[in-house]
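Below: one structure, written as structure tokens.
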Amino acid sequence: MSGTSFFAYAQNNQAPAAQSQSWNTPPAGTEQAQSAYRDGIEAAQLDKAAKRPIDAKQSHLYLHPPVKGAARDVYRSNFVAGYEAAVKHNSGE
């Protein structure tokens, strides 16, 4: 086995330095925040399929989040982030 072959082999087997996160993977956070992000993605897909206006803030789950109190703002924020990620992905950006 020559030294050159070994060197080339070692270079080809290096792991990528950083892996990109898929657009539909919720960002790190609480389970509730991740659920809101996924709800936003689903709502955007449903709005598009039903030919409704594409607007996160008009969505039923944005207007009536399934949480109470201070958690509503966090839910809405993550819901909008998921909704916008789906819209951006579907537009090809």
Side-chain angles (χ1 to χ4, degrees):
M1 178 184 262
S2 73
T4 305
S5 298
F6 180 77
F7 179 73
Y9 179 75
Q11 284 184 333
N12 291 336
N13 285 330
Q14 291 179 352
Q19 294 187 8
S20 63
Q21 190 175 24
S22 176
W23 69 271
N24 61 353
T25 301
T30 65
E31 184 177 329
Q32 189 172 36
Q34 291 179 351
S35 177
Y37 186 88
R38 286 189 293 271
D39 288 349
I41 291 172
E42 185 176 347
Q45 292 169 339
L46 291 172
D47 286 350
K48 182 176 180 179
K51 299 186 185 321
R52 290 189 290 255
I54 304 300
D55 184 356
K57 294 183 178 180
Q58 293 301 314
S59 177
H60 176 75
L61 285 174
Y62 182 87
L63 296 171
H64 307 284
V67 294
K68 298 201 184 276
R72 294 178 83 136
D73 291 337
V74 173
Y75 180 91
R76 285 179 171 150
S77 174
N78 285 286
F79 178 88
V80 168
Y83 194 101
E84 290 175 351
V87 170
K88 183 177 179 180
H89 175 74
N90 289 332
S91 70
E93 290 182 30

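Residue indices begin at 1 and follow the sequence shown.
Lys57 contributes atom NZ, which lies 10.0 Å from atom CZ of Arg76 (distance to the nearest 0.5 angstrom). A distance of 11.0 Å separates CG of Asn78 from CG of Asp73, quoted to the nearest 0.5 Å. Distance check, rounded to the nearest 0.5 Å: CZ of Arg72 to OG of Ser77 gives 14.5 Å.
Looking at every heavy atom in both residues, Pro53 comes nearest to Asp47 through O-OD2, 4.0 Å. Looking at every heavy atom in both residues, Ala85 comes nearest to Tyr37 through CB-OH, 3.3 Å. Minimum heavy-atom separation, Val87 to Ala44: CG2-CB, 4.2 Å.
Judged as a ring-ring contact (aromatic ring centres under 6.0 Å, His included), the pairs with a partner in residues 52-73 (not counting sequence neighbours) are, in order, His60-His64.
Asp39 is linked by a salt bridge (Lys or Arg N to Asp or Glu O under 4.0 Å) to nothing, counting only residues two or more places apart in sequence or in another chain.
Both Val67 and Leu63 belong to a common hydrophobic cluster when Ile, Leu, Val, Met, Phe, Trp and Tyr are linked at side-chain heavy-atom distances under 4.5 angstrom. Hydrophobic clustering (side-chain heavy atoms under 4.5 Å, transitive across Ile, Leu, Val, Met, Phe, Trp, Tyr) keeps Val74 apart from Tyr83.
Looking only at side-chain heavy atoms (C-beta outward), Pro65 and Phe79 stay at 4.5 Å or farther from each other. At a threshold of 4.5 Å between non-hydrogen side-chain atoms, the residues Lys88 and Glu84 do not count as touching. Between Leu61 and Pro66 there is a side-chain heavy-atom pair separated by less than 4.5 Å.
More than 12 heavy atoms of other residues, nucleotides or ligands lie within 6.0 Å of CD in Gln34, so this atom counts as buried by the packing criterion.
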